[in-house]
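The structure appears below as C-alpha cells.
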Amino acid sequence: MKKLLVDYEICHRCPKCVVSCSYFFHPGNNGLTALREEIAYSLICRRCENHPCVQACPNGALKEQEGTVRRSPLLCVSCKSCSLACPFGTILPELLPYLKDRCDLCRESRLEDKQRFVCVNTCPYGALRLVEEEEIKEMKNLQLVNNTLVVKAVDWLALYGVKKL
Amino acid sequence: MEKKKKVVVPIGPYHPLLEEPEYFALYCDGEMVVDVEWEAGYNHRGIEKLCESKSWDQVTFLVERICGICSTSHPIAYVNAVEDLAKVEIPERARYIRSIIGELERIHSHLLWVGLAGHFLGYNTVFMWAWKYREPVLDIFELVTGNRQSYAMMKIGGVRRDVRDEDIPVIRKVLDELKPKLEMLTQAVLDDPVLAARLKGVGVLTAQDVKDYGAVGPTARASGVKIDVRKDSPCAAYDLVAWQVITCQEGDVFAKAVVRLLECFESIKIIEQCLDNLGKNKGPIEVEVREIPPGEGIGHYEAPRGEVFHYVRSDGTNRPVRHKIRAPSFVNIPTFRASCLGQTISDVAIILAGVDPCYCCTERMLTVYQADNRRKIMDGREVIRLCQEKTEKLREKMRKR
Amino acid sequence: MIFLLWLLVSLVVFFGLGIITGWLERKLTARLQWRVGPPWWQNLADFVKLLGKEVVVPETATSFFSLAPVIGLAAVTTAGAMILLAAFQPGSSVDLIVLIYILVLPSLSLILAGASSGNPLASVGVARELKLMLGYELPFILALLVPVVKAGTTNLGVLFRLQLAQGMTVGSISGLLAFGVALLTIQGKIGGVPFDVSEAETEIASGLLIEYSGLLLGIFKLTRWMLTAVAVFFLVFYFWAGLSRVPSAIGKYLLIVILLVLIKNTNPRLRIDQAMKFFWGWLTGISVTAILFAYLGW
Amino acid sequence: MSNHYFQLLRERFPESILEGKVHSPKRVYLTVKKESLVEVAKFVFRVMDARFSTASAVDCLDRIEILYHFSLDSQDVFISLRVVIPRERPAVPSLSGVIKGAAWIEREMHELFGVNFEGHPRLNRLLLPEDWPENVYPLRKDNQDKDIGKG
Amino acid sequence: MNLLTKALTKSLWVFHLSTGSCNNCDIEILDCLTPRYDVERFGIVLAGSIKHADVLLVTGIGTRKNAKRIQKLYQQMPKPGFVVAIGACSCSGGIFRDGYPMAGPISSLIPVDVWIPGCPPKPEAIIAGLVSLLGKLK
Ligand code: SF4
Ligand code: SF4
Ligand code: SF4
Ligand code: SF4
Ligand code: SF4
Ligand code: SF4
Ligand code: SF4
Ligand code: SF4
C-alpha cells in the first residue's frame with residue numbers, strides 16, 4: 001500500500017501552504033494543515049515537563065494525551081497563545097486555524113483515482129510524494145507518523161553544515 | 001354556477017397581519033375561500049448552508065437566530081442532536097436551567113400569540129394587555145441571561161451561564177404576579193361570547209389531518225393528538241418534574257387558544273419545581289466536550305409551536321458536515337389547506353394565526369405552492385381551470401405593480 | 001347666503017371638535033390599554049403633516065380618486081351645518097330626512113374611494129362597506145324615528161327644542177332603547193371596532209384607503225374625525241336635550257365619546273355576516289319595539 | 001428499544017434493508033433499497049403508526065443520501081430510513097402519495113439538492129429568487145461561493 | 001423649521017418591513033407600541049399601508065427574492081419619507097452576511113437615514129434611533 005510522504009525539509013521553509021485538497025465535506029479545506037499539526041505534535045514537540053503550551057492556553061484546549069499534546073478543536077479559539085508559549089517553536093501559528101481542516105489521507109474510496117491526492121500534485125515545491133513500502137526502507141531520516149503517513153524529517157546537521165561524527 | 005368570478009386577495013408579502021414577509025393568495029368566491037396558495041422564500045436566509053461553515057459552538061448562536069420567538073428551542077434541539085451524536089450526558093443542574101429557559105420562552109411566546117391573535121381580531125386591548133404581561137417575563141430573561149431575546153444560554157454539554165441564587169426569588173415573584181393575570185386573561189377569553197362566536201368551529205383540523213400532515217405542537221394537541229416531545233422524549237429536566245400535557249378535542253381555533261393558555265400554567269409549574277431543585281442542586285453546569293466524533297445525531301425539542309427537529313452529521317472536525325433543521329411551522333402551515341377552504345376571508349386571518357405560523361424558520365427552506373398544479377387538485381373542472389388562469393393573470397399583474 | 005355662513009361655522013367648529021374628539025378617542029383607548037397615549041394636539045399634527053406629504057395617485061385609479069374625499073368632507077360639513085342651524089337658529093326648517101340622506105354620503109365617498117383606487121384589497125373593502133351600510137342604515141333610521149313618532153314632526157329644530165319642554169328623549173323607555181340603537185349604529189357609521197370590517201387593518205390592510213396618501217388621506221382622516229364629532233353632537237341634541245345647558249351638554253358629549261371608546265375596546269372585530277345579523281336582527285328588533293313603545297307613549 | 005424495531009423491520013423486509021445501525025436505544029438508521037422505499041415507509045407510517053418528522057438530504061460528492069426520519073412518539077424512538085442515490089441525475093420515488101406532509105420537504109430537497117422525486121404531484125422549482133439559474137443547487141457541496149446563483 | 005416639518009416630527013407613521021429577519025427585531029418593534037414603551041406618546045403609529053407611511057422600518061438582511069420589492073416599496077412611499085435600518089441584519093447582514101440569499105445590506109438597496117444596530121436592538125435603542133431621526137429632521 002502506498003503511503004503519503006511529507007518532506008519536511010521543504011515544508012518547514014514554506015511561507016504558506018497552498019496545496020489543494022480533495023477532501024470534500026468542507027470545501028476550501030486544506031488537509032495538509034491538519035497533517036502538519038499532527039506531525040508537529042508527534043515529531044517536533046519536545047514534550048516539555050510542565051507543558052508551557054498547555055499552561056498558556058486560556059481555554060484548556062490543549063491536553064497531554066499518550067505522551068503527545070492534542071488540541072481540542074471544539075475549545076480552541078485560535079488565539080495563538082500556545083504558539084507564543086512554546087519554547088521550541090513547535091506550534092506554528094498557521095497550524096491553529098479556528099475552523100479545523102481535515103485530511104483523511106484520501107482513505108475513503110470516494111473518488112476516481114486520478115482525483116485522489118491532489119495535494120501531491122498541487123504542492124508547488126514538490127514536498128509531497130506517494131511512496132511504496134519498499135522505497136521507505138531505503139530512505140534516510142524517515143519517521144512514521146501513522147500507517148499511511150511518513151515524514152522525511154529535517155536533517156538539521158546537514159542544514160547547519162555540521163559534519164556528522 | 002360555472003362562470004363564477006374569483007377574486008384573489010393577496011395577503012402579503014407585506015401585510016400587517018404577517019409581521020414577516022410571505023405571500024398568500026386566497027382564491028375567493030365572494031367572501032368564501034376556495035383555494036389557498038402560498039409562496040415563500042422572502043425570508044430564506046440559507047441557514048443550513050451557513051451552518052456548514054461555522055464551528056459547532058458558533059452554530060448555537062446561528063440557530064438561535066433562525067427565529068427570535070423560538071430563540072431557545074432551536075438551540076436546545078441542536079445541542080440535543082449534538083449530544084446524541086457524541087453521546088454526552090449533561091449535569092443535572094444544567095438540565096434544570098435548560099428547562100427553566102425553555103419554559104419561560106414558552107410563556108412569553110404564548111402570551112405573544114394571544115396578543116397577536118387579539119390584534120388580528122381587532123381586539124387591540126387584548127394585544128396590549130397580553131404584551132404588557134409579557135414584559136416581566138422578558139425582564140427575567142434580561143436578569144438571567146443578559147438579553148431580552150436571543151439568550152445564548154445553550155451550549156454543547158450544558159449551559160453557558162448559571163442562574164444565580166439571588167435571582168431565584170425574583171423569578172418566583174414575577175411568576176406569582178403573572179399567575180392571577182394569566183387566569184384573568186384565560187377567563188376573559190373563555191367567557192367572551194363574541195370571541196366564542198368568532199373562534200368556535202372555525203378552521204377545524206381533524207386528528208387525521210394532523211397525522212397526514214405531520215402537524216405538531218398546540219396545533220396537533222388542539223385536535224386531540226397527544227404528542228409533546230417534552231413528555232415523549234424527555235430532555236432537560238422534563239422527566240424530573242411533574243406536569244401535564246394539555247389537549248383539546250375540537251381542533252378549532254378556540255381549542256388552540258385554550259391549549260396555549262393552559263400550557264402557560266403548566267410552564268409556570270415546571271419552572272417553579274426547577275427553581276426548587278436548583279436550590280438543592282449545586283453541581284456543575286456543564287461537562288467539557290473536547291471533540292465531536294464522526295457520526296450523525298438527531299435532536300428534537302418541543303418549541304412553543306411544536307417539535308423542532310435537528311439532524312447533524314459530523315466528520316470529526318469542528319464544524320458540521322450537514323445540519324438539517326425542521327421547524328414546527330414547516331409542518332403546521334400546510335394544514336391550512338385542510339382548515340381554510342370553505343371559510344370566509346375574515347376567518348382566514350385568524351385561522352392562519354391559529355397555527356401561530358412563523359415564516360422565519362419555515363422560510364429557511366424553500367416552499368412554494370404553484371397555481372398550475374393546484375388547479376388539478378382543486379377539482380379538475382375545466383371551467384374553474386380557466387377561471388383560475390384568469391386570476392393567475394390578475395395576480396401576475398398585481399405582482400408587477 | 002346664511003346657510004353658507006353656517007357652513008363656514010360648521011367647518012371651523014367641527015374641525016376643532018373633530019380634532020379633539022379624535023384625540024380623545026386615542027387617548028382614552030391608550031388609557032384603557034395602560035398606555036400614556038398621545039398629546040392633545042396629536043391629530044392636528046397628523047393632519048398638518050399629511051398636508052405636506054406627496055400625493056401618490058396610482059395608475060389604476062379613476063378620476064373619482066381625488067373627488068371622493070372632497071365629497072365626504074363636504075357632506076360632513078353640510079350635516080354639521082344643518083345640525084348647528086337647527087340647534088341655534090329657532091324657526092329654521094331643517095328636515096331630519098334630508099340630514100339622514102346627507103349622513104349616508106361620507107360612507108358612500110369611502111366606497112367611491114375604494115372602488116376608484118383599483119386595488120383588490122380595496123375592492124373587498126368596498127363590498128364589505130356596502131353590506132355594512134345596508135346593515136346599519138335600517139336600524140339607524142328606525143331609531144331616529146322614535147322621537148319623530150313622539151313629536152309628530154320631522155323638523156329638527158322642533159325635535160331638539162321639544163325636549164326642553166317635555167324632558168329629554170332618553171328619559172323614556174322608548175327613547176332609551178332608540179338611543180342605544182343609534183349609538184351602536186353610529187359606531188358602524190364611523191367604522192369603529194367591532195364594525196370596522198371595511199378598514200380592518202389586519203385583514204385587508206386598511207382596506208378602502210390603502211392607496212391614499214398625503215392631502216387626500218388627510219381629508220379622509222379629517223372627515224372621519226369630524227363625522228364622529230358631528231354624530232356624537234347630533235346624538236346629544238337629538239336624544240339628550242343638548243340645548244338645555246352648556247356644561248351638561250359638554251358632559252353628555254364626553255360621556256357618549258367614552259361609551260363609543262368602551263365599545264370599541266372591549267370587543268373584537270365582528271365578521272361581516274355576524275355584523276349583519278346583529279344589525280338586522282337585534283338592533284332592528286329593538287328599534288321596532290322602541291317605535292311601538294313610542295306609540296304607546298312610553 | 002430501537003433494537004427491537006431494528007429486528008422487526010429486518011425480519012419484515014429482509015430483501016429491502018441493505019444495512020442497519022443502532023446508534024443508541026433511541027435512534028436506529030436503516031439503509032433501504034431505493035425501489036422498496038415506498039413500501040417500507042408505508043409500513044412504518046401506517047402499520048407502525050409512526051409520525052413522519054422530516055427528511056434530509058446530504059451531499060457526499062459521490063452520492064446523495066436521503067434520510068427519512070420517522071418518530072415513534074410513544075416509544076421515544078427515531079427510525080431513519082436512508083436511501084443512497086447517485087449524484088448524477090438523482091431520483092427517488094416520492095412519498096407524497098403515502099404521506100401528505102412529505103410533499104413539502106420533497107420540494108425543498110428538489111430545489112436545494114436537485115433530487116427528482118418520481119411521482120410527486122407538483123415538483124416545480126420556485127422559491128429561490130426568480131433569477132436563480134437552473135441546475136444550481138445551493139446546498140450541494142460544490143457550491144460554496146456566497147455569490148452562487150448571482151449570474 | 002417650518003410648520004410642516006414640525007408637524008412631521010410630531011407625527012411619524014411607520015411602516016414595518018421585514019426582509020429576511022429572524023423575527024426578533026420585528027417583535028421588538030411591536031414591543032415599542034405596547035404599554036411599557038408606548039411610542040404613540042410621540043405620535044408614532046404603525047401604518048397599515050406604505051402609502052400612509054413617513055418612515056420605513058426595515059429589518060432583516062434584504063434577501064435576493066425581496067430586493068426588488070424593497071426598492072418598489074421605497075418608491076411607493078410618499079415623500080418626504082425616511083428609512084430606518086433596524087438590527088445588525090439590515091445594517092450589515094449580521095450573522096447571515098455570508099449566506100447565498102443575501103442581497104443587502106439594506107443600504108445597498110435603498111438610501112438609509114438611520115441605522116439602529118443590535119441583535120436585536122432593545123426597544124429603548126429603537127426609540128433612541130427614532131429620536132435621532134427626529135433630530136436629523138430638525
Ligand atoms: S505541502 Fe507544499 S505548499 Fe504545503 S507547506 Fe509543504 S511545501 Fe508548502
Ligand atoms: S490557539 Fe487554541 S490551543 Fe492555542 S492557546 Fe489559543 S485556544 Fe489554546
Ligand atoms: S478582541 Fe474581543 S475577545 Fe479578543 S481580547 Fe479583545 S475584547 Fe476580548
Ligand atoms: S511547549 Fe512546545 S515543545 Fe513543549 S510540550 Fe508544548 S508543544 Fe511540545
Ligand atoms: S491526502 Fe487527500 S485528504 Fe489529505 S490533504 Fe491530500 S488530498 Fe487532502
Ligand atoms: S415556529 Fe419558527 S419562526 Fe415561529 S417562533 Fe418558532 S422558530 Fe420562530
Ligand atoms: S439583527 Fe439579529 S435579531 Fe434582528 S433580525 Fe437580524 S438576527 Fe434577528
Ligand atoms: S452582544 Fe455579544 S454576542 Fe451579541 S453581537 Fe454583541 S458581542 Fe456579539
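To find a chain, count down the sequence lines: A is the first, B the second, and so on, and within it residues start at 1.
Under the 3.5 Å distance criterion, the side-chain polar atoms of D57(B) are left unmatched by any main-chain donor or acceptor of L75(A).
No side-chain heavy atom of E291(B) sits under 4.5 Å from any side-chain heavy atom of L74(A). You'll find the side chain of R290(B) reaches within 4.5 Å of the side chain of K63(A), heavy atoms only.
Nearest heavy atom pair, residue K100(A) against residue N318(B), reads N-OD1, 2.8 Å. Pairing each heavy atom of Q58(B) with each of L99(A), the nearest pair is OE1-CD2, 4.4 Å.
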(request) Before giving the answer on side chain to side chain donor-acceptor pair (under 3.5 Å), spell out for Y23(A) and D315(B) the whole-Å C-alpha distance, their side-chain angles and the decisive distance to 0.1 Å. (result) CA-CA 11 Å; Y23(A) 187 75; D315(B) 62 348; 2.2 Å; yes
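Note that the CZ atom of R319(B) and the NE2 atom of H26(A) stand 5.0 Å from one another [nearest 0.5 Å].
Interface check for chain B: of the options A61(A), G60(A), A34(A), S72(A), the most heavy-atom pairs under 4.5 Å are formed by S72(A).
Atom CZ of R70(A) has 12 or fewer neighbouring heavy atoms from other residues, nucleotides or ligands inside a 6.0 Å radius. The local environment of CD in E89(B) is sparse, with at most 12 non-hydrogen atoms from other residues, nucleotides or ligands closer than 6.0 Å.
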